[in-house]
Amino acid sequence: MRAFRSLSRVMVLGLLRDRTAVFFMLLFPLMFLVLFGAMFRGDTAPRAHVVQVGDVAVLDDLAEDELASLGEALRLERSADREQALDDVRQGDADAAVWEEDGVIQLRFSAADQARAGNVQGLVNSLVQSANVAATGQPPAYLLNTDRVEDESVQAIQFYTPGLLGWAVAMGASFMSAFTLVSWRKKRILRRLWLAPISPGTVIGARVGVSLGLAFAQLAIFLGVARLPYYGLQLSDQWWLAVPLVACGTMAFMAVGLLIGALTQSEEAANGALQVVILPMAFLSGSFFPLDMMPAWLGHLSNVMPLKYLNEAMMDVLSRGGGWGDALPTMGGLLLFAAVVTAVAAKLFRWDDT
C-alpha cells in the first residue's frame, strides 16, 4: 500500500508540474465548453435577411401582429433595385430576395447556406399558402402542428457538455498513459521498477487510480461550470451514471495511450500519434457537431470509434433521461475494447529502448 501511495503521489506531482499537460487535459477542453455554451446559450437561430423588391402582396397585407411575429424570424429590407438585391444575395450580404411578378411570388436565395435558405423557403411558402386560403375563403383540409421533442428549457449546453466531456476524458486518459510509458522507458524508470520489490499490479493500480482521479475531476469541473445559471445545464434523474461511464471510458482510452506508448520512442512521437488519433476521432464522434451533419461514409467510419459510443451514452444519461439500459451496453463495450487493446499493447511492450 505504501508503494501504491508513493507511486500515485509521484504521478500526480509529475502531472501538476507539467503546465502544458494540465492545460491540454483540463483547461483546453473546458475552454470549448465555455465558448460553445456562451455562443449558443440562447438556442435560437439568427434571423434571415430578406430583401423585398417593390410591392409584394403577401407581405404588404400582413396585419401588424402578424408582421411582428414574422419579424422574429425574418428581417425585411425594402429595395427598388432588383439587380442590386440579387447581387447582395450572391455576395452573402442578404439571405434572399423576393418580389412579385404577374401574380407570382419570386424568391431567390443562395445555396451557400442551406439552413437559412430552407428557413426562408419555408416561411415564404407558409405566407403564400395562407394568402391562398384567405383568397379562396376555404379553410385547409389538413392542419400541421409542430413542436420540439425536448422541454422548452432545453438549451444547447445540454448537447455540448456530454460530447466535450467525452473528448476531455479521451485526451486525459490517453495522453497520461502514453507519456508516462514513453518517459519512464526513456529514463529507465521502468527498468528500475522491474528490479525493485514492487509488484506490477501496484504500478498499474497507481496509474489507473491517477487516471481515474483526473477523469472524475474533469467530470466535476465540466458539470460544475455547465450548471452555472449563465449556462443552465439541467441534469437527468440518473445523471450519476456518468460516473461509471467516465470510468469505463478512461480505461478504454488508457489502453489507446498504452498502445501508442508501446509503439513510439519519444514524447514528441507519442504526442503526434495521439493528436492524429484523438482529435479526428472527436470530430467524427459527435464531440463538436451532430453526427447527422456528416456524409454517410464518414458516419459508417465513426461506428468503429469508441468515443462515439461514450458520447452518445453520456448524452443519454445526462440530458435525455436515459438509464441503465443506455449505459450498460456502452460500459461493456468500452471495457471489452480496453481489454483487447491492452492485450495488444502488452505484446508490444518494451522495458527500455534497447
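All figures in this text were calculated on a predicted structure; none of them were measured in a lab. Residue numbers count from 1 along this sequence.
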Query raised in the report: In terms of side-chain heavy atoms, does Gln106 have a donor or acceptor partner in Arg108 at a distance below 3.5 Å?
Result: yes
- Would Glu267 and Asn271 count as having a side-chain donor-acceptor pair, cut-off 3.5 Å? no
Do side-chain atoms of Ser287 reach the backbone of Gly163 as a donor and acceptor pair under 3.5 angstrom?
yes
Hits for salt bridge (charged side-chain N to carboxylate O under 4.0 Å, His left out) against Asp316, two or more places apart or cross-chain, chain-then-number order -> Arg320
Item to check | Evaluation steps, salt bridge (Lys or Arg N to Asp or Glu O under 4.0 Å), between Arg82 and Asp87 | outcome: CA-CA 9 Å; Arg82 183 187 303 177; Asp87 189 60; over 6 Å; no
Separation between CG (Leu165) and CG (Leu310), nearest 0.5 Å, reads 7.5 Å
Separation between OG1 (Thr250) and CE (Met176), nearest 0.5 Å, reads 10.0 Å
Using a 4.5 Å side-chain heavy-atom cut-off and chaining through intermediate ILVMFWY residues, the residues clustered with Leu336 come out as Val340
Does any N or O in the side chain of Glu100 come within less than 3.5 Å of the main-chain N or O of Ala57, such that one atom is a donor and the other an acceptor? yes
Does the Ser302 side chain pair with the main chain of Ser285, one donor and one acceptor, at a distance under 3.5 Å? no
dist Thr161:OG1 -> Tyr231:OH (nearest 0.5 Å) comes out at 10.0 Å
| Are Met331 and Leu334 close enough, and set up right, to give a side chain to side chain contact (heavy atoms under 4.5 Å, CB included), and what steps lead you there? | CA-CA 5 Å; Met331 287 190 282; Leu334 289 172; 5.7 Å; no
Task: Val169 reachable from Leu279 in the ILVMFWY side-chain graph, under 4.5 Å edges - done: yes
* In terms of ring plane angle, is the pair Phe253 and Phe337 parallel, tilted or perpendicular, where the classes change at 30° and 60°? -> tilted
Rounding to 0.5 Å, atoms OG1 (Thr342) and CE (Met251) come to a distance of 7.0 Å
One should read off an interatomic distance between Thr264 OG1 and Phe179 CZ, to the nearest 0.5 angstrom, of 8.5 Å
dist Ile157:CD1 -> Leu164:CG (nearest 0.5 Å) comes out at 8.0 Å
